[in-house]
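Note sheet for the following structure.
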Amino acid sequence: ESDDDSYEVLDLTEYARRHHWWNRVFGRNSGPIAEKYSVATQIVMGGVTGWCAGFLFQKVGKLAATAVGGGFLLLQIASHSGYVQVDWKRVEKDVNKAKKQLKKRANKAAPEINTLIEESTEFIKQNIVVSSGFVGGFLLGLAS
């Protein structure tokens, strides 16, 4: 049997009994957040983190759009001024090649994506209050 196929099972309940710091850090129950904090605390935690994420998403999105748009504008000005000549047939060929590669990779990545979606759905179901607070805060962050 190779080293890649062997693994060790770690029993966290036994580990927590032997290491008292585990209980101080994670408390008696290290399950879903809903079992540890009040509903108001969960909504505030989700709302604050959601607002921060939404605000950052908005700022980074504006910066990216400005950079892409500005670069395209500069390229067009340079092209019309005669500084740059674009080989559009080569661009089209490269774009089609990139599309084919993306399709291949997307088909290979489908099982991992499905697993990630299932895990995310399960997390949201277990922590519905925090998740709803996060969504609300995210939307507020986008709007501010």
(message) Side chains of Glu122 and Gln126, heavy atoms from C-beta outward: is any pair under 4.5 Å?
(response) yes

(message) Test of understanding: clusters of I, L, V, M, F, W, Y form through side-chain heavy atoms closer than 4.5 Å, transitively. Do Ile124 and Phe134 belong to the same one?
(response) no

(request) First locate atom OG of Ser144, then atom NZ of Lys59, and finally report the distance between them rounded to the nearest 0.5 Å. (result) 7.5 Å

(message) Tell me whether Val84 shares a hydrophobic cluster with Val91, the cluster being built from Ile, Leu, Val, Met, Phe, Trp, Tyr side chains joined at under 4.5 Å.
(response) yes

(request) List the atom of Thr49, the atom of Gly46, and the distance in Å for their closest heavy-atom pair. (result) OG1-O, 3.1 Å

(message) Would you say Leu75 ends up clustered with Trp88 if hydrophobic residues are merged whenever their side chains have heavy atoms under 4.5 Å apart, either directly or through other cluster members?
(response) yes

(message) Can you tell me how far apart CZ (Phe55) and CG (Leu142) are? Round to the nearest 0.5 Å.
(response) 10.5 Å

(message) Distance check, rounded to the nearest 0.5 Å: Leu74 atom CG versus Ser79 atom OG?
(response) 12.5 Å

Would you list the atom pairs, donor with acceptor, under 3.5 Å between side chains in residues 92-99 and any protein atom, with sequence neighbours excluded?
residue	atom	partner	partner atom	Å
Asn96	ND2	Glu92	O	3.3

